Amino acid sequence: MSSSARLPPSRLDRGFKRLSRAANHSLLWFVVAAVLATGKGPFRRGALRGLAAIAGASASANLIGKSLFPRRRPAADLLAVERRLSRRPTSSSFPSGHSASAAAFATAVAMESPKAGAVIAPLAAAVAYSRVHTGVHWPTDVAAGAAVGAGAALLTRRWWPLGVNEPASAYEHADLTSLQDGDGLVVVVNPHSGIGPDPSPRIAEEWPKAQIVPIEELGSLPDAKALGVAGGDGTVAAVAAIAAERDLPLVLIPSGTLNHFARDVGIQGLHDTAQAVADGVGVRVDLAQVNGQWFVNTASLGGYPDMVRIREKLEKRWGKWPAAVLALFRVLQRAKPLDITIDGDKHLVWLLFVGNGPYRPKGFAPTMRPRLDDGLLDVRYVRADRRYSRTRFFLGALFGALEHSRMYEHFEVASLNVEVHGPPISIATDGEVRERGNHFKFRSRSAALGIYRP
């Protein structure tokens, strides 16, 4: 601190003061996150993970750390007037909340995108040093805050594991042929499923001989050598069902908001698909069915469909994972337990989740599939037959300890029969709410769908 105080006045003094104020209440990092969120893939994930890390770091440093370790801040007269903040904080000096948030955000972003992290790290370091330069923290406060922030970022992996760069494993497919200029290809396009422009012009440019069909004409598709789809997971599921029934390979063009299935298969964009179609290479993957209806990602009963709807309403304002926690809390608060029989055994549950293929992590926040060739369903449900089951489940989800909770069951099977006792209820598949019923028969269909993949 004394070494910093002896520095001669310079133009940097005003800059550090402005930077320190800009980071108040993490406003600087919210702006940076908003910029990163305009990108895709690791940039958007980095922004969301960074905000989640800030929430943990801020609570740890400001609510817990400062209460447990009261410490006086450096005396104002140690510095020249030009370097002092006009409004000096009055809370405990240890640890530095600004440093905790800065380190949390930079570390979390770097975990998803090392390139973005390398750009943000110097800014985070400057924010941390600014607290010493302006005389409101001791160097040890900043070091401790940075350690808290980095730890909070690393802990986000308990709830949200890092994405894998490798696509899910799949079966070999030796029967695919090259479709030169899209000859024999019919592409179903849903221009309203994403946030970008209509992909039809790019598709027509890539495959001039392909026939492009709007989603409204899905029920009357012409004969084809392969079916293509450009849209989100709901659109993909509808076209994949037709491709599986006709035993046609699927040309997958991700253009929705989330594109979970395309990500797991290993298709990042049109360029990946175009390369695979030109080379005539691909794989076969498992699909799943419930009462004969195909789904590519997940199916769910109980409050899960409501949780998805509430999360989608909140995520634009709060971000995906904070919105998911709020949605889960609201659903569990209002939900009524389901009296169901699963493969002959009676259960009382709040939510039932069935995934096409084993998902990871094992907690109730499935985010990725390492395999699409296991021939298994991923089954998870929340028990409602124990005291305070909702509260215990929510706390387990909040602290990333669901795999050890007695309120939560997880297993993998090839087929599953579920009978709901009482009034018929809705089932949601791939984010779309379907018809009501009392009997639901799930089964995995091994190697049901061929997909062009580089």
Side-chain angles (χ1 to χ4, degrees), residues 175-177 179 181-204 206-262 265 267 270 273 277 282 284-300 305 308-309 312 354 356 424 426-437 439-445 447-452:
D175 300 328
L176 288 175
T177 58
L179 303 176
D181 295 327
D183 187 22
L185 172 62
V186 175
V187 183
V188 179
V189 176
N190 184 358
H192 308 295
S193 61
I195 57 177
D198 183 351
S200 298
R202 293 181 58 214
I203 295 172
E206 182 66 43
W207 297 301
K209 293 183 180 180
Q211 184 176 350
I212 299 176
V213 177
I215 186 66
E216 292 78 13
E217 299 180 17
L218 184 61
S220 57
L221 293 179
D223 292 334
K225 296 179 182 178
L227 285 182
V229 57
D233 285 329
T235 306
V236 170
V239 179
I242 298 175
E245 293 286 356
R246 297 186 182 183
D247 196 23
L248 293 174
L250 187 70
V251 175
L252 186 53
I253 306 157
S255 60
T257 305
L258 297 176
N259 303 308
H260 288 142
F261 185 63
V265 169
I267 301 295
L270 178 59
T273 306
V277 169
R284 297 195 74 92
V285 299
D286 296 338
L287 293 184
Q289 287 182 315
V290 54
N291 294 348
Q293 184 174 14
W294 300 87
F295 62 94
V296 299
N297 292 326
T298 64
S300 52
V308 172
R309 284 194 293 264
E312 289 176 345
V354 180
N356 171 35
S426 298
I427 184 170
T429 60
D430 296 323
E432 304 289 336
V433 179
R434 307 298 182 183
E435 70 280 354
R436 293 175 176 268
H439 302 276
F440 300 96
K441 184 176 182 179
F442 301 88
R443 62 180 296 198
S444 176
R445 297 290 300 271
L449 181 67
I451 298 182
Y452 284 90

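Fair warning: this is a prediction, and the values are worked out from it, not measured in the lab.
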Exercise. What's the spacing between Asn190 CG and Thr235 OG1 if we round to 0.5 Å?
Worked result: 3.5 Å
Problem set entry | Gap separating the CD atom of Gln289 from the CZ atom of Phe440, nearest 0.5 angstrom | 15.0 Å
Exercise. Below 4.5 Å, heavy atoms only, C-beta onward: do Val213 and Gln211 meet side chain to side chain?
Worked result: yes
Exercise. Given side chains that start at C-beta, do those of Phe295 and Phe261 come closer than 4.5 Å, heavy atoms only?
Worked result: no
So does [Y] get a backbone contact from the side chain of [X], meaning a donor-acceptor N/O pair under 3.5 Å?
X	Y	answer
Tyr452	Leu176	no
Asp181	Lys209	no
Asp198	Ser200	yes
Asn291	His439	yes

Problem set entry | Which atom of Ala299 lies closest to which atom of Ile427, heavy atoms considered | CB-CD1, 4.3 Å
For this session: Work out which heavy atom in Thr429 is nearest to a heavy atom in Arg434; give both atom names and the distance.
Result: OG1-NE, 2.9 Å
Problem set entry | Contact list for residues 212-232, test side chain to side chain donor-acceptor pair (under 3.5 Å), sequence neighbours left out | none
Exercise. Would Arg443 and Asp286 satisfy salt bridge (charged side-chain N to carboxylate O under 4.0 Å, His left out), going step by step from the backbone distance to the final call?
Worked result: CA-CA 11 Å; Arg443 62 180 296 198; Asp286 296 338; over 6 Å; no
Problem set entry | Leu218/Ile242 under side chain to side chain contact (heavy atoms under 4.5 Å, CB included): CA gap, chis, key distance, verdict | CA-CA 9 Å; Leu218 184 61; Ile242 298 175; 3.6 Å; yes
